[in-house]
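Beneath this line is the structure, given in structure tokens, with notes to follow.
Residue numbers run from 1 in the order of the sequence given. Every number for a ligand or one of its atoms is a count from 1 in the order of the listing.
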Amino acid sequence: MVSKYKNQYTQDIDKNAKIKSVEFKQKIEILEDDNNLSEIINLDQAREKIYAKTKEAVFIEVKSGENLWTIGNNNNISVEELQNLNPQVDKEMRINPGDKLVISPEKPMLEVVIDFENTVVEDIPFETEYVKDSTMNESQRKTISEGVNGKQEVTYEIVLVNGNISEQKISNKKIIEPPVSSKVSVGTKKATVSRSGSSSGTNRVVSGGRITSPFGARVHPITGAEIFHKGIDIGASQGNSIYAYANGIVSFAGWKSGYGNFVEINHVNGLVTRYGHMSAIYVKKGQQVTAGQRIGAVGSTGASTGPHLHFEVLVNGVNKNPLNYL
Ligand SMILES: [Zn+2]
């Protein structure tokens, strides 16, 4: 019965993980004392004692407009802790009104400490090399060769207490395949017609910013589940302008679960761009937009932990790495 109790915490762990130890935090004594008959209890009672809790879990219900960041703030808990307590919340941190989230875990009488190691394969994001081209206009960019993400083996050392992460560190990283940089030519010729609002820098869809989360697959270190980031996250200040990637027609402008305030633009040749987590939207569905036109402002609406632009590029319905298009 006691080992079955321990097992309830090991079943969610990735099958390939190496479990090093499963221990009780509290000392258990198994007494065999025939004289103490009055103390002998039946199996049900024993079960009840083993599974007793000193504290029940505390849940909150997600209200409309809330994200992990605001929930964390209101309940004095970090976004990372919230994610650890609610593994069902994916990397995009999509939550919907009505979802129930644990903000304080249950505390069983008998605490189980599991020490394990898990080696997973993760993507290494590629970098972009820019090559100046004097035959192209300043606002133009052209992809010469597409980048390819590399692969690496990452070993995590994790300690779970009652199924929740209490320690997590990376003990080893091994590159299996190095990433291949993408090459993009950047025009340097002064354009005769200046596009209003067109920004400079590497991310012309938003003013300023660096990539805070790359495109591609990531494996959850505990469950082994694969999570796919369909775009890139570009960190930028709240309120910074967001610009249309190219000429096109707005096919969506409004609230979308996970994405918050969201705009989708259809361009030519099956190209679609998406912009998420905006604080404001300046365009309407069906509206024609030109490259570099201001379509919204950076925010943190939807499943977002801080102000950034989530930017996606799709070609014929398939998500592409946006770094190859910027
Ligand atoms: Zn994102």
Side-chain angles (χ1 to χ4, degrees), residues 62 65-72 78-80 82-84 86-96 99 101 122-128 147 149 179 182 199 201-221 223 225-245 251-265 271-281 295-315 317-326:
V62 177
E66 279 189 322
N67 58 44
L68 289 190
W69 193 74
T70 58
I71 292 169
S78 73
V79 169
E80 201 186 348
L82 266 176
Q83 283 182 286
N84 287 343
N86 299 277
Q88 76 280 12
V89 177
D90 66 16
K91 193 179 177 229
E92 284 287 295
M93 296 181 287
R94 265 167 227 190
I95 49 170
N96 293 305
D99 285 356
L101 295 181
E122 294 183 352
D123 277 2
I124 311 171
F126 65 80
E127 301 197 344
T128 306
N149 279 349
S182 74
S199 69
T202 55
N203 304 307
R204 59 179 178 152
V205 289
V206 65
S207 32
R210 64 187 177 86
I211 310 301
T212 53
S213 179
F215 174 87
R218 193 180 169 272
V219 178
H220 195 282
T223 60
E226 202 167 278
I227 308 151
F228 198 83
H229 192 215
K230 294 196 281 189
I232 53 170
D233 291 344
I234 306 169
S237 303
Q238 178 86 15
N240 270 12
S241 292
I242 296 168
Y243 307 103
Y245 174 76
S251 47
F252 189 100
W255 186 270
K256 192 173 160 85
S257 170
Y259 289 92
N261 287 325
F262 174 75
V263 168
E264 185 183 80
I265 304 173
L271 184 74
V272 169
T273 53
R274 292 174 161 176
Y275 312 77
H277 310 310
M278 296 180 172
S279 60
I281 298 176
I295 56 167
V298 173
S300 186
T301 54
S304 166
T305 54
H308 76 278
L309 171 67
H310 171 87
F311 179 61
E312 287 179 31
V313 173
L314 293 94
V315 178
V318 179
N319 279 93
K320 297 282 183 181
N321 192 328
L323 285 181
N324 283 322
Y325 294 83
L326 285 173

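Looking only at N/O/S atoms, D233 comes nearest to the Zn ion (ligand 1) through OD1. The closest approach of H310 to the Zn ion (ligand 1), by N/O/S atoms, is made by ND1.
Residue side and main chain included, H229 places an N/O/S atom under 2.8 Å of the Zn ion (ligand 1). Not a single N/O/S atom of H308, whether from backbone or side chain, sits less than 2.8 Å from the Zn ion (ligand 1).
Ring orientation note: the planes of F215 and F228 are nearly perpendicular, at an angle over 60° on the 30°/60° scale.
A search for side-chain hydrogen bond (donor to acceptor under 3.5 Å, both in side chains) contacts involving N96 returns S257, not counting sequence neighbours. In this view, E66 satisfies the salt bridge (Lys or Arg N to Asp or Glu O under 4.0 Å) rule with no residue, not counting sequence neighbours.
Using modelled atom types, one finds no donor on one side chain facing an acceptor on the other under 3.5 Å when comparing E264 with Y259.
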